[in-house]
Amino acid sequence: MSDTITTFAPGRVEILGNHTDYNLGFVLSAAIHLGVTIEASRLSKDILEISSETNQRSISIELSNLRPLTEDAWANYPIGVIKVLLAAGFRLGGMRLDVSSDLPLGAGLSSSAALEVATVMAAKALFDLEIARMPLAQLCQKAENEFVGVHSGLLDQASSVFGKYHELILLDFLNVTVETVSLPANASLLLLNSGVPHELTGGEYNERRKQCMLAAKSIGVASLRDAALAQLESAHLDEVTRRRALHIIGENDRVLQGVQALRSNRLQRFGELMLASHFSSQVNFENSTSYLDILVELARKTPGVFGSRLTGGGFGGSTVSLIESVCADEIVQRISRDYHRMTGANCSPILTEPSEGARILA
Ligand code: GLA
């Protein structure tokens with residue numbers, strides 16, 4: 001058992017496979033180099049103290065009375081995971097968590113999952129808990145679903161845990177397995193925050209989830225993972241539900257095709273799949289915004305960009321583009337300038353590479 005420990009959990013970017021995680025499908029994602037750092041220490045009393053450098057706030061709560069806070073809602077992610085750990089039978093004592101982050105909030109890069117994962121990593125190290133990596137991610141997801149109330153899938157937490165340098169993470173949410181696929185050395189990831197905050201606590205995410213469940217039920221499959229295009233065409237779905245299901249079926253297929261493209265070093269082909277994914281978000285899943293559409297369209301026309309799409313839940317947040325690394329500066333300059341000219345808004349770029357997952361720093 002350590003008395004003090006520093007943990008780091010990265011944000012993530014979803015590269016192909018949109019809203020497929022809770023439909024038990026496939027996703028290609030990556031951890032990024034930015035994330036949440038927690039300096040953690042054990043306390044002699046059974047309390048949880050948390051401070052946030054970002055918010056300049058701190059809270060203290062008894063382990064026997066963990067509950068969601070309304071005023072300090074930012075603390076609900078760490079409180080939630082500690083509560084879930086205790087409920088799962090892990091033995092914990094009091095602890096202090098000093099949280100800092102270099103991940104932009106609301107950019108759709110999973111700062112909340114990073115906070116959850118960094119918290120469990122800290123508790124695990126401080127109290128010698130035996131938790132393997134996938135169950136660790138699942139505990140975090142459970143906290144987010146039950147404590148925070150967003151019915152998100154496992155993508156964000158699993159990506160933060162399983163990140164690997166210059167490898168994309170291939171997640172299969174039916175079998176709950178993970179493998180990695182190398183990203184060729186000449187390629188980088190460019191994230192562009194549209195500046196329109198992404199809000200998952202808004203009802204759209206949970207609504208999309210319900211529509212997907214309804215589609216699976218009407219088609220007669222356990223999840224949309226098992227649905228084929230032919231079944232969709234013969235099922236009697238209303239127009240909106242049909243398009244939601246079409247998006248998921250298409251995304252699963254694009255992930256598998258994307259893996260083939262990467263393995264044979266066909267980045268141009270991979271880029272086409274990203275553009276097709278974005279188009280499907282626009283017309284089928286309706287989780288894009290005009291700002292994200294403009295960013296993708298500008299990227300599509302820029303030399304050195306293989307492909308581009310919205311990343312994560314949608315309804316705001318960021319796009320991800322796969323780019324030729326040597327062209328990065330010109331690409332950023334050109335898209336930023338044209339985006340400002342067309343929208344009056346500023347986008348903020350993050351140039352990154354697939355990075356290592358959650359770890360102990362000291
Ligand atoms: C958010 C959720 C994830 C996933 C994506 C969409 O990031 O937290 O679980 O559903 O949206 O793919």
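For clarity, every value in this text was computed on a predicted model and none was experimentally measured. Ligands are counted one by one from 1 in listed order, and the atoms in each one are counted from 1 as well.
The distance criterion of under 3.5 Å between nitrogen or oxygen atoms is met by D21 with respect to ligand 1. Between H19 and ligand 1, at least one pair of N/O atoms sits closer than 3.5 Å. In terms of N/O distances under 3.5 Å, ligand 1 is approached by Y205. For a threshold of 3.5 Å applied to N or O pairs, the pair formed by G153 and ligand 1 contains at least one separation below that value. Distances between N or O atoms of G313 and those of ligand 1 include at least one value under 3.5 Å.
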Could you walk me through whether R12 and S29 satisfy the side-chain hydrogen bond (donor to acceptor under 3.5 Å, both in side chains) test, starting with their C-alpha distance in whole Å, then the side-chain angles of each, then the deciding distance to 0.1 Å, before giving a yes or no?
CA-CA 7 Å; R12 68 92 190 93; S29 65; over 6 Å; no
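Separating the OG1 atom in T20 from the CG atom in D253 is a distance of 12.0 Å, to the nearest 0.5 Å. Rounding to the nearest 0.5 angstrom, the gap separating the CG atom in L191 from the OG atom in S318 is 6.5 Å. Atom CG of D156 sits about 9.0 Å away from atom CD of Q141, to the nearest 0.5 Å.
Not a single heavy atom of R209 lies less than 4.0 angstrom from ligand 1.
Contacts of Q157 with ligand 1, taken as heavy-atom pairs under 4.0 Å, are absent altogether.
Under the side chain to side chain donor-acceptor pair (under 3.5 Å) criterion, R337 pairs with no residue, sequence neighbours left out. Under the side chain to side chain contact (heavy atoms under 4.5 Å, CB included) criterion, S182 pairs with E167, not counting sequence neighbours.
Every atom of ligand 1 is numbered from 1 in the order shown, and the set under 4.0 Å from a heavy atom of E14 is 5 (C), 6 (C), 12 (O). Contact atoms of ligand 1 toward S152: 2 (C), 8 (O), 9 (O) (distance under 4.0 Å to a heavy atom of the residue).
Relative orientation of the H19 and F315 rings is perpendicular, given thresholds of 30° and 60° on the angle between their planes.
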